[in-house]
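One structure is given here, and the rest of the page talks about it.
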Amino acid sequence: MKRNFLCLFSMLIFVGVFADEFSDKFQNKKWILEYYNEIIYKRDRSLLLNYIPKYKNQKETLFQRTSLLDECDYWRDTNSDTSIIYLLFDSFEIKDIKQISENCFYLFVGNGFIDTERYNKNLENGCDWRNKEIEIESFYFKFDGDYLYIFLNDTDNLLTTYCAYDDNEYAALVRFLQTNNFSNNVISLPRHADGTCYYDTSGNAAAGSNKNQGM
């Protein structure tokens, strides 16, 4: 009995440590969908309407928002250890979290499901789950500098990509969408851990950003 209790206690400690390590990845930064890079690079806020069709005929409503429609974020109640992951205009309670390597995490969420109605709602708000009628058991998060690759249920099934901007850059992006005036000295495009950036020399803002990504 005592041994079982100690094993359970040790497991809870490990889960807490993993959760702390994961939480650190969200400190002092905003994780936003990768397509904002193209908008920043080309300094063209109208491109956002290509990704968020819901606002095609009400673009000023979209541009005057004080926050972006979707962010990947993590919330944890330290008292109850309840934790929630927010992504692609949806949210899931995390049942278990494990650190696979320094920058890779496994999140078990149990039984989630994206039906057609839920899929369409998320897509209208700029969040593409790629498939309808899908069961969601787990996510794999791979952090690579300012890039976050999220895999669904399997390490080979890339779901989406987020990029990190600090609070000042995020605020400048929101102002740019509101005013159509770009603050060149505030926003820097994201880089990978090795320092590379897809936007340094190429005019093709989206080229290669999701290619050959795996765990």
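Quick caveat, the model's predicted, so the values are computed rather than measured.
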Between [X] and [Y], which heavy-atom pair has the shortest distance, and what is it?
{"X": "Pro190", "Y": "Cys197", "answer": "O-SG, 3.5 Å"}
{"X": "Ser188", "Y": "Glu169", "answer": "N-OE2, 3.0 Å"}
{"X": "Ala172", "Y": "Val186", "answer": "CB-CG1, 3.5 Å"}
{"X": "Lys95", "Y": "Gly110", "answer": "CG-N, 4.2 Å"}
{"X": "Cys72", "Y": "Ile85", "answer": "SG-CD1, 4.4 Å"}
{"X": "Phe151", "Y": "Asp154", "answer": "CB-O, 3.3 Å"}

Does a salt bridge link Asp20 with Arg76, judged by any charged N lying under 4.0 Å from a carboxylate O?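 Between Arg76 and Asp20 there is a salt bridge, with a charged N closer than 4.0 Å to a carboxylate O.
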Is it true that Lys121 and Glu117 have a side-chain N and a carboxylate O under 4.0 angstrom from each other? no
May I ask you to test the [X]-[Y] pair for a side-chain heavy-atom distance under 4.5 Å?
{"X": "Leu62", "Y": "Leu69", "answer": "yes"}
{"X": "Ser83", "Y": "Ile97", "answer": "no"}
{"X": "Leu152", "Y": "Ile134", "answer": "yes"}
{"X": "Asp167", "Y": "Lys30", "answer": "yes"}
{"X": "Asp128", "Y": "Leu88", "answer": "no"}
{"X": "Thr82", "Y": "Glu93", "answer": "yes"}
{"X": "Val174", "Y": "Leu68", "answer": "yes"}
{"X": "Glu34", "Y": "Tyr147", "answer": "yes"}

Verify side chain to side chain donor-acceptor pair (under 3.5 Å) between Thr116 and Glu133, making sure each step is shown before the conclusion. CA-CA 6 Å; Thr116 299; Glu133 307 297 323; 2.7 Å; yes
Check: Asn122/Asp90 side-chain N/O donor and acceptor closer than 3.5 Å: yes
List the steps, then state whether side chain to side chain contact (heavy atoms under 4.5 Å, CB included) holds for Tyr55 with Glu60. CA-CA 8 Å; Tyr55 291 92; Glu60 288 307 316; over 6 Å; no
Taking the side chain from [X] and the backbone from [Y], do they hold a donor-acceptor pair closer than 3.5 Å?
{"X": "Gln178", "Y": "Arg65", "value": "yes"}
{"X": "Asp144", "Y": "Ala193", "value": "yes"}
{"X": "Gln99", "Y": "Ser101", "value": "yes"}
{"X": "Thr196", "Y": "His192", "value": "no"}
{"X": "Asn181", "Y": "Phe176", "value": "no"}
{"X": "Asp146", "Y": "Arg191", "value": "yes"}
{"X": "Arg130", "Y": "Leu159", "value": "yes"}

Got a sec: does the NZ of Lys98 have more than 12 other heavy atoms crowding it under 6.0 Å? no
Please assess Ser138 against Tyr106 for the test side chain to side chain contact (heavy atoms under 4.5 Å, CB included), listing each intermediate value before the final yes or no. CA-CA 7 Å; Ser138 60; Tyr106 165 80; 3.5 Å; yes
Is Trp129 reachable from Ile84 through a run of I, L, V, M, F, W or Y residues, each pair having side-chain heavy atoms under 4.5 Å apart? no
With clusters defined by side-chain heavy atoms of hydrophobic residues (ILVMFWY) lying less than 4.5 Å apart, directly or transitively, does Leu87 cluster with Phe108? yes
Please report the C-alpha distance between Phe182 and Ile40 in whole Å, then the side-chain angles of each, then the deciding distance to 0.1 Å, and finally whether the side chain to side chain contact (heavy atoms under 4.5 Å, CB included) criterion is met. CA-CA 8 Å; Phe182 187 79; Ile40 293 168; 3.7 Å; yes
So, applying ring-ring contact (aromatic ring centres under 6.0 Å, His included) with Tyr35, which one of Tyr41, Tyr162, Tyr51 is it? Tyr51
Among Tyr86, Phe141, Phe143, Tyr74, which residue satisfies the ring-ring contact (aromatic ring centres under 6.0 Å, His included) criterion with Trp31?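 Going through the options one by one, the only one that passes is Phe143.
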Ring centres of Tyr165 and Tyr170 under 6.0 Å apart? no
Centroid separation Phe139 to Phe92 less than 6.0 Å: yes
One pair to check against side chain to side chain contact (heavy atoms under 4.5 Å, CB included): Ile136 and Val109. What are the steps and the verdict? CA-CA 7 Å; Ile136 299 170; Val109 298; 3.8 Å; yes
Return the set of residues passing side chain to side chain contact (heavy atoms under 4.5 Å, CB included) with Glu124 (not counting sequence neighbours), or none when no residue passes. Lys54
Rounded distance (nearest 0.5 Å) linking atom CG of Asn168 with atom OG of Ser183: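 OG of Ser183 is found 10.5 Å from CG of Asn168.
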Does Arg45 make a cation-pi contact with Phe63 (under 6.0 Å, within 45 degrees of the axis)? yes
Who are the side-chain hydrogen bond (donor to acceptor under 3.5 Å, both in side chains) partners of Tyr36, not counting sequence neighbours? none
